[in-house]
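Quick notes on the structure that follows.
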Amino acid sequence: MISDNLAEVRQEIARHAALAGREPGEITLIAVSKTKPASMVVEAFEAGQTVFGENKVQEMCEKNEQLSDLPLSWHLIGHLQSNKAKKAVAVADMIHSVDSVSLAQTINKYAAAIGKVQDILLEINVAQEESKFGLTLSDAEAAVREIAGLPNVRLRGFMTVAPYTENAEENRGIFRSLRQLMVDINAKSIDNISMDVLSMGMSGDYGVAVEEGATHVRVGTFIFGRRDYNI
Ligand SMILES: *Cc1c(COP(=O)(O)O)cnc(C)c1O
């Protein structure tokens, strides 16, 4: 049952928050509904979940339209191509996967056109995996300084997709590095930059991510079950 799964994840978030001396209310659970039908989103909503994550713009827009009666918040967490930025800006409350200054500029342009200030995160490929998107830790500051000048995006913080692992402890150092990056850049007092969001942790490692300062965890499989990409 989705409601049982949600309750369990929320409980785990609270447990790990307590271990780190944090309040559970500091952490937003994003239910990642990609590949799952709108009916399952409704089921989660009925169990009190309002924030959902999708990694494709098209799928996010479709579910948003199907469920327009419900007060849902959509977060785009997957790679975004600039030719889909306009649609993403129309629907997403936060775009987690900004991996270049030029994409931020494109988002800024479309946000300006509809009078929106778009919340975004910079995606950082902390582990420098070839298969993943994102800036390196060392490229982050220069990108932040450029994005700071864009009036219609608000850079809220950083996102990372840590390596897949059976042992969440292996990703602790990655989460810690991302948090340190945010602390270090905030300390530089760059105009217009005051970041407070760390989007890190998935089904396999969100507990450790919470202990290391995650403000947003993105959990799919534990809530909705395994994804079948062959349907
Ligand atoms: C699919 C996805 C998730 C959720 O992964 P699970 O392991 O199913 O919890 C989180 N973040 C991103 C970027 C994803 O694409």
Side-chain angles (χ1 to χ4, degrees), residues 1-2 4-13 16 27-38 40-41 43-44 47 49 51-63 72-81 84-85 88 91-100 103 119-135 156-172 174-175 178 197-231:
M1 282 289 285
I2 288 173
D4 296 329
N5 299 342
L6 274 168
E8 193 177 324
V9 173
R10 290 185 191 126
Q11 221 169 52
E12 276 295 283
I13 288 172
H16 286 277
I27 298 122
T28 300
L29 170 61
I30 300 173
V32 178
S33 48
K34 64 188 184 197
T35 80
K36 301 294 183 183
M40 291 179 91
V41 174
E43 206 178 322
Q49 181 67 28
V51 185
F52 293 87
E54 287 286 341
N55 70 347
K56 294 203 168 112
V57 175
Q58 181 73 19
E59 194 174 342
M60 175 179 73
C61 292
E62 279 170 15
K63 284 180 195 159
L72 306 180
S73 175
W74 294 101
H75 287 221
L76 185 72
I77 61 174
H79 184 61
L80 176 60
Q81 291 167 301
K84 297 189 177 142
V91 170
D93 283 329
M94 192 181 282
I95 299 175
H96 292 229
S97 41
V98 178
D99 57 1
S100 70
L103 178 59
D119 278 350
I120 65 167
L121 304 177
L122 264 184
E123 180 169 359
I124 310 292
N125 186 357
V126 180
Q128 300 201 34
E129 290 179 280
E130 296 256 350
S131 60
K132 296 216 168 110
F133 294 100
L135 299 169
R156 295 287 307 273
F158 297 117
M159 177 269 227
T160 197
V161 181
Y164 176 79
T165 175
E166 300 276 320
N167 175 11
E169 281 300 328
E170 286 175 3
N171 284 336
R172 186 180 291 279
I174 286 171
F175 299 142
L178 196 68
V197 172
L198 286 171
S199 168
M200 54 191 197
M202 304 170 37
S203 288
D205 55 16
Y206 68 92
V208 171
V210 165
E211 290 173 24
E212 294 300 329
T215 63
H216 290 61
V217 293
R218 310 177 307 266
V219 180
T221 307
F222 266 20
I223 297 171
F224 297 109
R226 296 177 74 98
R227 287 176 292 273
D228 183 357
Y229 287 102
N230 299 316
I231 46 173

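Index from 1, following the sequence. Quick note: numbers below take in every heavy atom, side chains included, and nothing from hydrogens, waters or symmetry partners. Order of appearance sets the numbers: ligands from 1, and atoms from 1 within every ligand.
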For [Y], does its backbone N or O pair with a side-chain atom of [X] as donor and acceptor, under 3.5 Å?
| X | Y | answer |
| --- | --- | --- |
| Asn171 | Pro163 | yes |
| Ser33 | Lys36 | no |
| Gln49 | Leu29 | yes |
| Ser203 | Phe222 | yes |
| Ser73 | Val51 | no |

task = Give me the one residue out of Lys56, His96, Glu54 that meets side-chain contact (heavy atoms from CB on, under 4.5 Å) with Ile77.
result = His96
Show me the short polar-atom pairs for ligand 1: any N or O of it lying under 3.5 Å from a protein N or O, with distances only.
from: ligand 1; atom 1: 8 (O); to: Thr221; atom 2: N; distance (Å): 2.8
from: ligand 1; atom 1: 8 (O); to: Thr221; atom 2: OG1; distance (Å): 2.5
from: ligand 1; atom 1: 8 (O); to: Arg227; atom 2: NH1; distance (Å): 2.7
from: ligand 1; atom 1: 8 (O); to: Arg227; atom 2: NH2; distance (Å): 3.0
from: ligand 1; atom 1: 9 (O); to: Ser203; atom 2: N; distance (Å): 3.0
from: ligand 1; atom 1: 9 (O); to: Ser203; atom 2: OG; distance (Å): 2.6
from: ligand 1; atom 1: 9 (O); to: Gly220; atom 2: N; distance (Å): 2.8
from: ligand 1; atom 1: 11 (N); to: Arg218; atom 2: NE; distance (Å): 2.8
from: ligand 1; atom 1: 15 (O); to: Lys34; atom 2: NZ; distance (Å): 2.6

